[in-house]
Structure formats: structure tokens, C-alpha cells
Amino acid sequence: MTIIRPKKSLGQHFLKDSGIAQRIAETLSACRGLPVLEVGPGMGALTRFLLDEGYDLSVAEIDPASVNYLEQHFPALSGRIFAEDFLKMKLDPAKLCIIGNYPYYIASQIFFKVLDCREQVVCCSGMIQKEVAERLTAAPGSRNSGILSALIQPWYDMEYLFTVSEEVFDPPPKVKSAVIRMTRNNRTVLGCDEALYKKVVKTSFNQRRKTLRNSMKPLLRKDCPYFSQSIFDKRPEQLSIEQFIELTLITAKHLEETAR
């Protein structure tokens with residue numbers, strides 16, 4: 001039997017616990033009838049359960065050795081293996097679901113790509129580093145909230161499903177893992193300029209220990225007349241999504257006024 005050795009350069013940690021793989025596959029139970037794209041299948045620990053469950057499955061795998069392995073051991077994937085970088089893929093315009101045991105070092109980039117493709121990606125689930133999972137799923141206003149949660153949660157309902165031990169991987173990572181699920185919500189508009197919203201979120205969290213009156217100065221300047229409003233007494237992790245939208249509207253108004 002061909003064995004693929006995990007490559008450190010690709011952040012590979014192959015899942016060796018079939019029970020965990022099956023539980024991850026089950027996170028897509030609400031996606032029956034939709035195409036599924038698995039990111040980074042490796043040796044197919046998760047792939048086999050997705051195929052057994054009858055999903056319309058394709059996979060994206062950047063590692064040539066893993067691509068060869070999948071071609072040899074999963075004939076059902078014939079014509080459905082994309083030997084390319086998911087981050088550079090152009091997704092089909094049809095609705096789909098995404099799943100994977102994601103490389104930890106690019107997990108955030110994967111979720112930002114999902115965000116960019118939110119009109120196509122109905123659901124995204126899988127395994128990531130526990131710390132990142134806690135940030136993604138943090139309740140608005142909690143200490144774990146950050147750029148990831150503030151940008152993604154307006155568009156997706158987030159669930160932290162379960163924690164996974166280091167020992168179920170080969171090689172074991174140095175951190176615990178967690179399985180999450182993102183489900184597209186009904187929001188169609190943000191209620192403010194989206195590009196400015198992203199800028200406001202990133203600016204405020206660049207100095208997350210400071211109040212917004214201080215952290216927003218690079219964008220609003222120190223003499224901004226709106227700093228007297230109570231929202232600027234808060235730190236960024238204390239804000240709800242709606243309050244970030246309010247902050248963006250205030251920022252837009254100030255920038256418009258100063259541009260006159």
C-alpha cells in the first residue's frame with residue numbers, strides 16, 4: 001500500500017482516526033443535494049466517508065503525491081480531482097458546500113476566500129486550530145472576537161462543534177484542533193460600505209487593547225468631533241456586528257465631511 005508522508009512545508013497533519021473523520025463528514029448533513037468541494041484531502045481519511053454518504057464530491061489538492069494517491073485509491077473521483085491551490089481556484093457559480101481538514105497556516109485565508117464567495121458557498125465546515133476556531137465563533141462582544149469574527153459573522157452563522165485531540169493526527173500538531181461549521185445566513189446587504197467596514201474592523205483591532213477613541217485615530221484623526229459619542233469609549237472586542245456597522249457609518253460621515 002502506498003504511504004504518503006506528511007509534508008511540513010504544506011502544513012500537513014493527516015487524520016488517522018476514522019471516527020473523527022466520520023463526525024466531520026456528518027457536519028454536512030444539511031447539505032444533501034448540493035455539490036461538495038473537499039479542500040486538502042491528503043490520503044482521503046475524510047473523502048471515503050463523503051463518498052460513502054453519496055455526496056456529489058470534488059476535491060482540491062495541491063500536493064502531487066496526494067493527487068496520485070487519490071487517483072489510485074478513489075476511482076469515483078475520476079475527473080473530480082483539482083490539482084491546484086484552493087486559494088487560487090475560481091469556484092463554479094453554482095451553490096456548493098466546502099469541507100476539509102484545513103492546513104492551519106492558511107486557515108484564515110481559506111475562510112476569507114469563502115467570505116469572498118459567499119453567494120456560492122452555502123456551508124463551510126471542517127477542522128482547524130482550536131484557537132482560530134474560538135476566534136471565528138466568538139460571540140460578538142466577547143474577548144475572543146476579532147477581525148475574523150467581525151468580518152465573517154455578518155454573513156455566516158457560526159458553530160463550534162467539538163474539540164479534537166492532537167493524538168488523532170500523523171504527525172501530531174503542537175496544538176489542539178476543533179471542528180466548526182459556517183452556514184450562510186439571510187443577510188443580503190451590510191447596511192454600510194463593505195470596503196470601509198473591513199477597513200474600520202482592521203483599524204480598530206490593530207490596537208485592540210485601546211478604546212476606539214484611540215485605535216481609530218489613524219483613520220479618523222485625533223480631532224474627530226464624533227469621538228464624544230459613547231461608542232468610542234468601547235474597545236473593539238466589545239462591539240456587536242451592528243455596532244461595527246454603526247461605527248462604519250460614523251466613519252463614512254466624517255470622511256465625507258472632511259473631504260469637502
Sub-4.5 Å side-chain heavy-atom contact between [X] and [Y]:
X    : Y    : result
T211 : F227 : no
L34  : Y55  : no
F74  : T47  : yes
T188 : W155 : no
I152 : M158 : yes
M89  : L37  : yes
F82  : E61  : no

>> Let's go through S149 and L136 carefully: what are the C-alpha distance in whole Å and the side-chain angles of both, what is the deciding distance for side-chain contact (heavy atoms from CB on, under 4.5 Å) to 0.1 Å, and is it a yes or a no?
In response: CA-CA 5 Å; S149 57; L136 268 170; 5.9 Å; no

Would you find a donor on one side and an acceptor on the other, under 3.5 Å apart, between the side chain of [X] and the backbone of [Y]?
X    : Y    : answer
R181 : L161 : no
R184 : R187 : yes
N206 : K202 : yes
H254 : C224 : no
N185 : P154 : yes
T203 : K199 : yes
Q243 : S240 : yes

>> According to side-chain hydrogen bond (donor to acceptor under 3.5 Å, both in side chains), does anything in residues 78-89 pair up with another residue at least two apart or in another chain? List the pairs.
In response: D56-R80

>> Test: side-chain hydrogen bond (donor to acceptor under 3.5 Å, both in side chains). Region: residues 223-235. Which pairs qualify, not counting sequence neighbours?
In response: R213-D233, Y226-E257, R235-E237

>> Check the orientation of F205 and F244. Use parallel for under 30°, tilted for 30 to 60°, and perpendicular for over 60°.
In response: tilted

> Would V179 and R23 satisfy side-chain contact (heavy atoms from CB on, under 4.5 Å), going step by step from the backbone distance to the final call?
Replying inline: CA-CA 9 Å; V179 175; R23 289 181 69 186; over 6 Å; no

Check [X] against [Y] and note the closest heavy-atom contact, atom names and distance.
X    : Y    : value
L57  : L77  : O-CD2, 3.8 Å
I99  : A25  : CD1-CA, 4.2 Å
P35  : K95  : CD-O, 3.4 Å
S108 : L148 : OG-CD1, 3.6 Å
L28  : I98  : CD2-O, 4.5 Å
V59  : P41  : CB-CG, 3.7 Å

> Got a sec: does the CZ of R32 have more than 12 other heavy atoms crowding it under 6.0 Å?
Replying inline: yes

>> Using a 6.0 Å cut-off, check whether atom CZ of R221 has over 12 heavy atoms from anything other than its own residue.
In response: no

For residues 122-131, which side-chain N or O atoms pair as donor and acceptor with protein atoms under 3.5 Å away, sequence neighbours left out?
from : atom 1 : to   : atom 2 : distance (Å)
S125 : OG     : T27  : OG1    : 2.7
K130 : NZ     : E134 : OE2    : 2.5
E131 : OE2    : R135 : NH1    : 3.2

>> Is there a path of hydrophobic side-chain contacts, each under 4.5 Å between heavy atoms, that joins I147 and Y160?
In response: no

> What's the verdict on salt bridge (charged side-chain N to carboxylate O under 4.0 Å, His left out) for R48 and E38, showing C-alpha distance, side-chain angles and the deciding distance?
Replying inline: CA-CA 11 Å; R48 67 183 73 254; E38 182 186 357; over 6 Å; no

> Salt bridge or not for E166 and K16, using N-O below 4.0 Å?
Replying inline: no

>> Under the side chain to side chain contact (heavy atoms under 4.5 Å, CB included) test against C192, which residue among L247, T248, V200 passes?
In response: T248

